[in-house]
Amino acid sequence: MATTAPAAHRCSYEDYEATAKWLGSQTEQRPKMAIICGSGLGGLAEQLENRVVIPYRDIPNFPQTTVVGHQGQLVFGTLEGHQCVCMQGRFHTYEGYDVNQVTYPVRVFSLLGVRTLVVTNAAGGLNSSFSVGDIMLIKDHINLPGLVGNNPLCGPNDDRFGERFLCTSDAYDCDLLALAQQTVEKQGIRASVHQGVYCMVSGPTYESIAEGRALRTLGADAVGMSTALEVVVARHCGLRVLGFSLITNKVVTDDRTLKANHAEVLVADNNRAQDLQGLVRGILAQMSVDPEDL
Ligand SMILES: O=P(O)(O)O[C@H]1O[C@H](CO)[C@@H](O)[C@H]1O
């Protein structure tokens with residue numbers, strides 16, 4: 001039987017606007033910051049004050065989450081003085097969504113007034129100095145799907161969002177990264193936090209031994225099945241980006257008896273998600289709050 005990639009799901013500017021307008025009618029909160037919670041990392045959204053929770057199923061044009069560890073709701077609220085909107089659950093291409101659906105919320109957030117995107121993910125460690133439970137501050141990415149044509153910016157460019165040819169050499173904001181590193185020093189957690197390169201693959205297969213080795217040779221420190229597409233779209237609409245990977249497993253690069261699995265990913269999240277939450281909160285506490293948020 002022939003298999004085909006999901007047909008391109010074109011979203012018009014009016015679709016994004018309609019979703020943003022609907023969300024704007026559900027809450028008076030106007031967040032300047034959006035946080036995407038990775039697999040098993042939705043706990044951050046529980047920490048928001050003045051929470052307004054909106055299930056994805058109620059939101060016009062929104063996809064639905066299908067992966068264990070991704071709840072499927074937006075949570076508006078305040079974290080360390082910043083008005084935020086958290087995605088408790090994200091979308092992946094391996095679920096059958098195309099790149100425009102996976103990144104749909106990011107453009108909606110930009111229309112809502114969001115200026116900073118914080119992305120988090122669960123990732124497999126490729127760098128041999130990383131341990132399970134470590135945090136990686138993302139300093140750069142390899143957008144493997146994008147490099148071979150599955151880039152959300154392919155197709156007609158909508159200048160209302162951004163320019164045709166996007167530069168991604170500065171995708172992860174240097175100032176935010178420096179602030180994150182300062183917070184790491186302040187919290188005394190330097191031994192378990194690293195800076196590194198995230199490689200996005202499409203999944204849902206975990207890497208073969210040869211693939212794991214190849215990704216390491218390419219220069220990746222961690223690998224996952226998300227994030228890069230969201231970051232590309234965020235940068236296209238001019239958002240600043242700060243990214244974190246929680247290293248939930250070591251990518252198998254030699255021992256054939258070891259097998260990665262999603263249960264192991266969620267267990268590691270469960271054990272270490274609070275460290276990541278503490279770091280994100282510490283960074284936000286040091287970021288100046290937009291006067292409009294007060
Ligand atoms: O990137 P997030 O959504 O955190 O999830 C990661 O964990 C899942 C695999 O265990 C994949 O979805 C991978 O991308």
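Just follow the structure's listing: the first ligand is 1, and inside any ligand the first atom is 1.
Residue Gly38 has no N or O atom closer than 3.5 Å to an N or O atom of ligand 1. The shortest N/O to N/O separation between Ser39 and ligand 1 falls below 3.5 Å. Between His92 and ligand 1, a contact under 3.5 Å exists for at least one N or O pair. Taking only nitrogen or oxygen atoms, main chain and side chain alike, Gly224 does not reach within less than 3.5 Å of ligand 1.
Checking each of Lys186, Arg190, Lys139, Gln195 against Gln181 for a side-chain hydrogen bond (donor to acceptor under 3.5 Å, both in side chains) leaves exactly one that passes, namely Gln195. Each of Val232, Val197, Val119, Thr227 was scored for a side chain to side chain contact (heavy atoms under 4.5 Å, CB included) with His141, with one residue passing: Val232.
Applying the 6.0 Å contact sphere to CZ of Arg164 captures more than 12 heavy atoms from other residues, nucleotides or ligands.
Listed by number with element, the atoms of ligand 1 under 4.0 angstrom from any heavy atom of Arg90 are 1 (O), 2 (P), 3 (O), 4 (O). Taking every non-hydrogen atom of Asn121 and a distance limit under 4.0 Å, the qualifying atoms of ligand 1 come out as 1 (O), 4 (O). Close contacts of ligand 1 with Tyr94, meaning ligand atoms under 4.0 Å from a residue heavy atom, involve 11 (C), 12 (O).
The shortest side-chain heavy-atom distance between Arg115 and Arg240 does not fall under the 4.5 Å cut-off. Between Tyr172 and Leu242 there is no side-chain heavy-atom pair separated by less than 4.5 Å.
The side chain to side chain contact (heavy atoms under 4.5 Å, CB included) check on Leu111 picks up Tyr13, Tyr16, Glu17, Ala20, Phe161, with sequence neighbours excluded.
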